[in-house]
Each structure stands twice: as C-alpha cells, then as structure tokens.
There are 2 protein chains.
Amino acid sequence: MASPPRARSTRDRPAKPPLSEDGILDVAMLILREEGLEAVTMRRLAGELDTGPASLYVYISGRDELRNAMLDRVAGMVELETPDPAQWRAQLHRLMHGLLAAMVAHPGIATVAVANPPTTERSLLAAENMLALLRAGGVTDRDAGWACDILPLITTASAVEAAVHQQRGQEESDGDFVQRLVQAFAALPPARFPNLTALAPEMTSGDGDERFRFAIDVFLDGLVARAKA
Amino acid sequence: MASPPRARSTRDRPAKPPLSEDGILDVAMLILREEGLEAVTMRRLAGELDTGPASLYVYISGRDELRNAMLDRVAGMVELETPDPAQWRAQLHRLMHGLLAAMVAHPGIATVAVANPPTTERSLLAAENMLALLRAGGVTDRDAGWACDILPLITTASAVEAAVHQQRGQEESDGDFVQRLVQAFAALPPARFPNLTALAPEMTSGDGDERFRFAIDVFLDGLVARAKA
DNA sequence: ACCTGAACACCGTTCAAGT
DNA sequence: ACCTGAACACCGTTCAAGT
C-alpha cells in the first residue's frame with residue numbers, strides 16, 4: 001500500500017518534506033497567483049504539502065502572518081528607482097505602477113495591504129525610495145512625509161478595484177460590462193442626475209491603468225502646485 | 001415580496017417579530033456598529049433573531065447581498081451638499097469627510113466598499129453630488145468624471161486604515177503606538193534609510209482626519225492646477 | 001405553500017497523545 | 001522533543017422534510 005518512491009525524473013517536484021517557512025510560502029504564492037487569496041487557506045496549504053493543518057503552525061504562527069509574508073514577497077518584486085531629479089515624476093510613476101502590477105498579478109493580496117500597511121524591511125525600502133523621489137521633485141518635507149502614506153494608499157485601493165474588475169472580466173466580456181454601465185447611466189432620470197447622465201461617456205472611458213495614472217498624476221500635480229506656492 | 005404583517009402591526013419590538021429584509025438589516029447594522037463586520041455572520045444574525053440560518057435566505061440572497069445592503073445604509077447616512085460655486089471645495093471636503101466618518105463608525109464596512117463600488121441609487125446620488133461640486137469648481141468634464149472615481153477610492157481606503165488604527169488604539173494607547181513608530185524609524189540605519197530617518201517626525205505627525213484632509217486637498221489642488229493649465 | 005432542521009463542505013486553531 | 005491526528009468551535013449555503 002505504501003507506494004515506493006519512484007526513480008527521480010527531471011520533472012519531479014521536490015520530494016514531500018521537509019517543511020520550512022520558505023517552502024510553505026512558495027506553495028502559498030503559487031496558489032495566490034493562480035487562484036487568488038481566498039484559495040490560500042491553512043488547510044488547502046497543508047493538503048498541498050501532504051500533511052495536516054496543525055503541522056503548519058510549527059513554521060508559521062497563523063493565517064495573518066502567512067498573509068503578511070505573502071504581501072512582503074509581492075512588495076519585494078517591485079523594482080526600486082535610483083533618484084534622478086530630471087525625471088523624478090516618471091520614476092515615481094514607474095515605482096507606483098510596479099507596485100500596482102505586482103498586486104494585480106496576485107489577486108486579493110491588495111486587500112491585505114489596505115488593512116495592514118506593512119513595516120517590513122522591503123516595504124520600508126520602498127517608502128525610502130518614494131521619499132527620495134518626492135524630495136528630488138522639490139516637494140516639502142511635510143508634504144513628502146504625508147504623501148508617502150497616500151500614494152501607496154491610492155495604489156493598493158486601485159489594485160483591489162483592478163483585481164475585482166479583472167475577475168468580472170473573466171465572467172463577462174469587458175466591453176459588455178462597460179456598455180451595460182454606459183446604458184445604466186444613460187437610463188437614469190436626467191432631472192435627478194443631470195451631471196451623471198451628461199458625463200456618462202467620461203465616467204466610463206479609460207482602462208484601469210489609464211485611470212491609475214491619472215490618479216497619481218493629479219496627486220503629483222497637487223504636490224507640485226503646493227511646492228510652488 | 002414580503003407578505004404584509006398580519007393585523008395589529010404596531011411598532012413594538014418584542015422577542016420575535018416576523019422576519020423581513022429591513023428587520024434583518026436593522027440587527028445587522030447594530031452588530032456592525034458595535035462589533036464590526038467580522039461579527040456579522042449569517043448564523044450570528046439568525047441566532048439574534050431566534051431562528052435558524054436557513055430562514056434568512058427567504059429574505060436575503062446571501063452574505064454578499066447583506067454586506068452590500070449594509071454598505072448602502074451607511075452611504076445613505078451621508079448628507080449631500082447643495083452646490084455653491086463660492087465654496088465648492090469646502091463642500092467637497094464635507095461630503096468626503098461625511099463618507100469617511102460614516103464608514104469609520106461602522107468598522108469593516110469600508111473593505112466592502114473598496115472591493116465592490118456600489119451602484120445603488122443612494123451612491124449614485126452621492127456621485128451626482130460630487131460631479132456637481134467638481135464642475136462648480138471649474139474642473140473639466142473628463143477630469144471630473146475620473147476624479148469622482150478616485151475621490152471615493154481615497155476615502156474608502158482611508159476609512160479602512162482609520163478603522164484599523166482605531167482598533168489598535170483599543171489595545172494600546174495611541175500615543176504609545178506613535179512613539180514606538182517614531183523610535184522604529186529613528187532606529188533604522190541612516191546609511192540605507194537617509195530620508196526615512198530624516199523625516200521620521202513628518203512621517204508620524206498628524207492624526208487620521210488631518211491626513212485625510214491633506215489627501216483630498218492635494219488631489220483638489222491638482223485638479224485646479226490642471227483646470228488652469 | 002411556506003418555512004426550517006439538519007446536513008454538507010468547508011474554515012482557523014489548539015492540544016493531548018503518539019512517535 | 002518533536003510532530004500531528006483528532007477535536008473544537010466556528011463558517012455559508014442547500015434542500016428534503018415537516019407544518
């Protein structure tokens with residue numbers, strides 16, 4: 001009944017044990033990427049590792065730590081920028097878009113980020129990088145300090161929305177959805193919704209990336225305007 | 001399609017009134033306010049209403065609909081503004097802060113809002129109001145259309161953060177937490193974190209409301225700067 | 001016809017018992 | 001001493017059965 005270990009083949013997955021925090025996280029990231037956060041449960045993870053759920057607690061204190069560790073790995077994928085005052089805005093855009101993309105590629109992880117902004121070394125390095133870029137752009141210290149709270153906040157919230165939008169796109173064609181939305185706006189009583197009906201095209205134009213770029217752009221415009229004033 | 005209450009339909013609220021969507025939501029809102037979203041489960045709700053969980057499904061299609069309905073009630077608490085071009089910015093601040101406050105008062109509901117931006121009549125009226133205020137401020141149509149996506153996004157994300165911060169404040173004094181944070185920043189190696197260590201005071205100053213006001217302010221500054229350009 | 005008890009298929013976490 | 005089977009206390013949702 002106990003099947004003898006088969007001869008090693010090249011596409012053999014690393015043999016079952018031994019468990020480790022890194023090994024558990026590897027599997028968790030795989031499930032996260034392919035099936036989203038909801039699918040990453042302690043029990044599913046244990047099953048995937050051919051063990052009981054209790055065994056995971058030797059290496060990871062619980063679900064919350066697991067989620068934070070996954071978030072940290074995602075944050076670690078973002079490439080940092082070497083500040084260049086001549087192109088600080090473009091660099092800031094790249095940095096934030098990198099964070100957005102990394103999160104969108106790991107559906108659901110953004111909800112972890114909004115709930116508990118991480119303080120790991122990796123995310124502190126990202127914050128450090130943002131501060132450097134903002135200062136390179138001539139933003140005041142106080143504005144830079146506060147902005148480096150708000151920029152990730154906009155980014156993570158955008159990532160949640162993008163992930164939801166993307167998921168809906170799997171169920172229903174994206175064009176269909178937008179069209180339904182436009183029609184919904186158009187169908188509103190113009191007397192009570194004069195602006196919404198008038199701006200229906202503007203409300204529904206642009207994709208996620210364009211709208212995210214807009215959000216960051218407007219925010220940076222605001223910071224620049226203050227620096228000048 | 002709820003059948004009308006049989007005879008003697010007084011406004012008393014005794015042990016076991018007939019179930020209804022409104023009645024279920026009343027209880028849900030109470031639990032939400034006092035214990036947060038996590039505590040609002042179908043089974044808890046059923047228990048509170050002296051019935052089995054299956055009975056709720058006669059009136060509410062499931063947990064997701066319940067959550068959206070709660071969110072809608074929260075959104076309905078926000079007072080709308082009658083647009084006055086002379087003070088459109090103050091009005092926009094009040095509107096967004098009203099939304100923030102309503103969400104913070106119902107811990108966890110903001111996470112529902114980030115995940116699925118609502119399209120109920122109430123939230124459409126809020127969007128309509130925002131558009132009116134933005135246009136009163138001279139913001140272009142396209143910017144207004146996109147901004148009325150971003151402003152609630154900033155608001156709901158801020159609400160999630162505020163709720164978490166508030167919850168942590170119950171476990172540990174708020175001042176202690178800030179002080180720990182400042183020390184954590186100061187303890188970082190200055191060679192790798194020159195900006196973070198230098199700006200530690202700015203990073204940790206201000207409370208949630210001040211930072212939220214800053215976020216909206218900067219964003220509006222950006223919109224105004226674009227309108228002028 | 002309407003309502004719901006009981007069941008199904010899951011969770012996260014703990015701890016006594018086995019090795 | 002280390003690991004884990006089994007249990008505990010929960011979930012959301014369904015549907016056959018009872019009224």
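Numbered from 1 within each chain, the chains take letters A, B, ... in sequence-line order. In this text, all values refer to a predicted model and were calculated from it rather than measured experimentally. Values below: all heavy atoms of this structure, side chains included; hydrogens, waters and symmetry mates excluded.
The ring-ring contact (aromatic ring centres under 6.0 Å, His included) check on A:F214 picks up B:W146, with sequence neighbours excluded. Residues forming a salt bridge (Lys or Arg N to Asp or Glu O under 4.0 Å) with A:E65 (at least two apart in sequence, or on another chain): none.
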Any chance you could list the contact pattern along nucleotides 8-19 of chain D? Use B for base contacts, S for sugar-phosphate-only contacts and - for none, protein heavy atoms under 4.0 Å, 5' to 3'. ---BBBBB----
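Between D:dC11 and C:dC15, the two C1' atoms lie 22 Å apart (nearest whole Å). Taking the C1' atom of each, D:dG12 and C:dT14 are spaced 24 Å apart, rounded to whole Å.
For B:L56 and C:dG5, the CG to P distance is 12 Å, given to the nearest whole Å.
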Under 3.5 Å, side-chain donor or acceptor atoms of residues 109-118 of chain B against the rest of the protein: list the pairs with distances, not counting sequence neighbours.
unit_1 : atom_1 : unit_2 : atom_2 : d
B:T111 : OG1    : B:G108 : O      : 2.7
B:N116 : ND2    : B:N68  : OD1    : 2.5

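In this structure a side-chain-to-backbone donor-acceptor pair under 3.5 Å is missing from B:R122 to B:A75.
Using a 4.5 Å heavy-atom cutoff, the side chains of B:V40 and B:R63 are not in contact.
Minimum heavy-atom separation, A:L56 to A:L49: CD2-CD1, 4.0 Å. What you find for A:M42 and A:L66 is that their closest heavy atoms are SD-CD2, 4.1 Å.
Listed by first and then second residue, the salt bridge (Lys or Arg N to Asp or Glu O under 4.0 Å) pairs involving residues 200-214 of chain B are A:D149-B:R211 (not counting sequence neighbours).
For DNA chain C, runs of at least 3 consecutive pairs of the Watson-Crick or G-U wobble type, with both hydrogen-bonding distances under 3.5 angstrom, map to C:4-8 with D:12-16, C:12-16 with D:4-8.
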